[in-house]
Structure formats: C-alpha cells, structure tokens
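The structure under discussion appears below in the form of structure tokens.
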Amino acid sequence: MTTPAHSASLEDQIAQWRAFLRRRQAIHSVDVTELEDHLREQVGALTDRGLSADEAFLVAVKRMGDLDTLSREFAREHSERLWKQLVAPADAVDAPDAARARREPYVAVGLGVLAAVLFKLPSLFGYDLDRDEGFFGRNMSLFVLPPLAAYFAWKRRLAVRTVQGIAAAFVVAAVFANAFPFTPRSAVEGLVVLHLPIALWLAIGVAYAGGRWHDDARRMDFIRFSGELFIYYALIALGGGAITGITAMIFKAAGVDPQHFLQYWMVPCGATGAVLVGAWLVEAKQSVIENMAPVLTRLFTPLLAAVLVAFLGTLLWTGRGVSIEREALIAFDLLLAVVLGLVLYSASARDPQRAPGGFDSLQVVLIASALLVDAVALWAIAARISEFGYTPNRVAALGENVILLVNLTWSLVLYVRFVRGRGTFASLERWQTSYLPVYAAWAAAVVAIFPLLFPAA
C-alpha cells in the first residue's frame, strides 16, 4: 500500500516529468495531461503488483520510451497537432484522424458563420440593432459562445452527458437574460451585459478541458488558451479595422456609401465569427503564440507595476481619496482584471520547477500594489454606499472587489512563500485555477439576482 509520504514523493516526480515535457518543442502542454494519464495508469498497474511508488514510476517512464519515440507515437495518435508534421511521416498518420484534422478549419469557419447568422437572426423577428441595442447586448454572448462550445465538443469528442450539461447552462442563461423586463440602458441591464459572458466562460472551460475540469493542468491550459485567444482576437480586430477603413474609402471613391453594410453586417458579423477563427488559430498555431505570450507578460508586468506604485504614491502625496463614480468603478475593475490576467498568464507560461528569480519578485510587487489599490477602492465604495445608499453598480463593484481581494491576498501569501523558498509554485497555480469558478458564480448571481433586487434601476 502506498503511504502518504510515498504519494507526495510520486507527485513530485510526476510534476518534474511533466515540467520536462512542457519544455520540449515536440509536445505541446495541452497534450501533456493525456501523456500523464498514460503514465499514471502504468504506475497504478505496477504498484498493484507490489512495486513501490518510486520503482513503479521509474519502470513506467522507461516503458513509455524515450522522448523522440514518444513524440512520434503521440503525433500519430493526435494528428490534428501542427507539430505532427515534424515528428511523424505522412504515411504514419491514421486516415480518419488526418481527415478530421483537414476538416477542422472548415468546422471552425462554419461555426463562425453560424455565430454571425445567430446575431442577424433576431432581425427577422423585428429586432433592430439601433432600437433594441439592449437585447443584442444581453444576448451577444449567446450568439457567440454556443458555437464556440460546439467547436470544442466536436474537437474533444465530448460525452453526451457533458454536452447536455453545457447546453443546459446556455438555455438557463438565455432565460435569465431575456425573462426580466429590463429598463432600456438601465444599470442592471448593463451589469447583465458585462457579467453574462463571464459566467458562461466557465462552460467554455468545461468544453475546452474535454470534460476533465477537475484537473488542475486542464484548468491552467484553459487559462493559457483564454489569454492566447485574446491576443489573436486583438490581432484579428486590428486587421479587420484596417480592412473596414479601406473598404469604406474605396467604395466612397466609386460614389457608393457602404456605411450601412459596414455598420450592420460586416463589422458585427465579422466580430462574432472572429471568435471561432481565433479559437482555431490558437489550437492550430500554438507554438507561435507560446513564444509571444511570455514576452508580452514580461513587457506589461513592470509597466503596470510602475503605474500602480505611482498611483499609490500619488494618493499618499496628495492625501486625497478616490472618486467612485460609474466610470471610475469600471476603470478600477478593469485595472484589477488586467493585473489578475497578467498573474494568471505569467503563471501558465512559467516552468513550475524553475527557481525563483527577479521576475517573481516583480510579480510580488505587482500583486501587493494591486491589493492596496483594491483596498482603496473597497474603502471608497463602502463610503459611497454609506453616504448615498445602494445601487446596482456599487453592489456589483463591492462584490467583485471583495472576490478580487481574497484572490490577491492569498496569491500574495503563496507567492511570497515561493520567493522565500518556503512553498512551491504549484500551490499558487492550484489556488488560481481552483478560484476560477468563484468569478463565474458571482457573475451568474449578478445576472440572476440583481434584476430582482433592483427592478427599477
């Protein structure tokens, strides 16, 4: 029987093996989890036969073969990966998997077209983008995210029960987004528009993880995917903006005003469909963006840390408080969300086994500064509520900042422990990935409960 001490030793060895694979170009981190499953199966079978955990680990690794052989075998099994072309000959790929890989871009583009069709479908029932902008805003995530979930359901071959659970989440979200008689451009409607996609993004995570959301590594892969999708989408948006401007200029030169087409067809349909194209690009071209992401985090982390330190210094110098109006609330929440995103994404790109360095100390400064800024914002929100009473925006901001405060506080504790050599980076990763459902739960509460609490707001 394996003792707890032996289990801890085995987990450490598997963590080192996993980190070694992630550093190799031949195998992408998304696939490491499946390789780890094979390793754990081998270890379990060997320990059942009487071997110790250490002996079983060594034998299992040896049985799995050297890394080059493992890469070739894994490439044959997962032919959709871009790197398979480098490690597996063309005739080694199974025909059904190769055909499925060739269909993938068409599936992604087809689902992107479906997202655009879903966006335009309400127009057939009398909804107008200008007159009913609240309806389109509340349902935008319901136009885009179900096709994205369908893409991962197809790609990961999700079980029927998992697909049914994800579909049920979208149905419930559609009910809550449209059942209440929202006042046009009200504060509550604006909160629903902002929070519904956050709540539903957890369903995308379950689909992305292939139904194995309980796995820490899968959740971290989803964090990495989310950041990479944001980068790709921003690049697509820049290119789309340039094409839109050029289109407007050349048609105007021909005496035709394309404003209606651009405003009501090209831009919104392109924006919805680009999410699916971006997701496919992340899946197909991961090695390209993996080299870019760590550079971006190392570029923006010191810049944002300097901004936060300067802001705190300004508060101390002037002795003034902060103004918590609607725009200021949004600015503070966006700032803290960016900080959290940098912490999450830098964690996903870091080798957990690498010793602490200067960048880790900078991360501690960033988290500590964000924690102080969050405390200042919370104090100002509480003072505002005490003086003027509750509003939807203030309550939502209060809840979000409390959630961020808890996350940042414990993240700071874990990071300081790691930097001082008294903890592991894996504990910080587990905390961050395990905390993700808290954000989704709060966003779902805002969507479902705030219309009842503030019916006239």
Side-chain angles (χ1 to χ4, degrees), residues 111-112 114-116 118-119 121-122 129 132-153 165-180 182 185-209 213 219 222-223 225-234 236-237 267-279 282 329-330 333-334 336-338 340-341 344-345 392-393 396-397 399-400 403-404 435-451:
L111 289 171
L114 174 61
L118 291 176
F119 175 81
L121 192 61
L129 186 58
D132 304 302
E133 60 180 14
F135 169 84
F136 282 93
R138 296 194 310 271
N139 289 277
M140 180 57 72
S141 56
L142 296 170
F143 300 146
V144 178
L145 297 186
L148 182 60
Y151 168 68
F152 285 120
I166 294 172
F170 286 117
V171 171
V172 172
V175 171
F176 279 105
N178 296 283
F180 298 103
F182 293 98
R185 298 186 179 181
S186 64
V188 172
E189 186 178 54
L191 290 173
V192 171
V193 171
L194 290 174
H195 288 79
L196 187 59
I198 298 174
L200 291 178
W201 197 243
L202 186 66
I204 300 300
V206 173
Y208 179 88
W213 180 253
R219 293 198 297 268
F222 177 62
I223 291 172
F225 162 80
S226 300
E228 292 167 1
L229 176 59
F230 175 80
I231 294 172
Y232 268 120
Y233 192 83
I236 293 172
V267 172
C269 293
T272 52
V275 175
L276 275 299
V277 175
V282 172
L329 288 175
I330 294 174
D333 288 343
L334 286 176
L336 294 172
V338 170
L340 182 63
L344 287 169
Y345 207 49
N393 287 328
E400 288 156 9
I403 291 172
L404 284 168
Y435 202 76
L436 292 177
V438 177
Y439 296 106
W442 173 251
V446 171
V447 172
I449 298 176
F450 273 47

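With sequence neighbours excluded, the residues that form a side chain to side chain contact (heavy atoms under 4.5 Å, CB included) with P197 are S141. Considering only residues two or more places apart in sequence or on other chains, Y439 meets the side-chain hydrogen bond (donor to acceptor under 3.5 Å, both in side chains) condition with N407.
The two residues A207 and I166 have their closest heavy-atom pair at CB-CD1, 3.7 Å. In terms of heavy atoms, L148 sits closest to L276 at CA-CD1, 3.7 Å. What you find for A279 and L229 is that their closest heavy atoms are N-CD1, 3.4 Å. The minimum heavy-atom distance linking P122 with F143 is given by the pair CG-CZ, 3.9 Å. Between L145 and I204, the shortest heavy-atom distance links the atoms O-CD1, 3.4 Å. Between A396 and L191, the shortest heavy-atom contact is CB-CD2, 3.8 Å.
For F450 and F176, the distance between ring centers is not under 6.0 angstrom. You'll find the ring centres of F222 and W201 inside the 6.0 Å limit. Ring centroid separation for the pair F119 and F136 comes in under the 6.0 Å cut-off.
A donor-acceptor contact shorter than 3.5 Å is absent between the side chain of R138 and the backbone of V193. A donor-acceptor pair is defined here as one N or O able to donate and one able to accept, closer than 3.5 Å; such a pair exists between the side chain of R219 and the backbone of W213. Within the 3.5 Å criterion, the main-chain N or O of A271 finds a donor-acceptor partner in the side chain of Y233.
No side-chain heavy atom of L196 sits less than 4.5 Å from a side-chain heavy atom of V446.
From L114, atom CG reaches atom OG1 of T272 across 9.5 Å, with rounding to the nearest 0.5 Å. Between the CG atom in L340 and the CD1 atom in I403 there is a gap of 11.5 Å [rounded to 0.5 Å]. If you take CE on M140 and CD on E133, they are separated by 11.5 Å, rounding to the nearest 0.5 Å. Remark: L142 CG to N178 CG distance equals 7.5 Å, nearest 0.5 Å. The CG atom of N393 sits 9.0 Å away from atom CG of L194, with the distance rounded to the nearest 0.5 Å. Atom CG in N139 sits 4.5 Å away from atom CZ in F135 (nearest 0.5 Å).
Using a 30° and 60° split on the angle between ring planes, F182 and F180 fall in the perpendicular class, above 60°.
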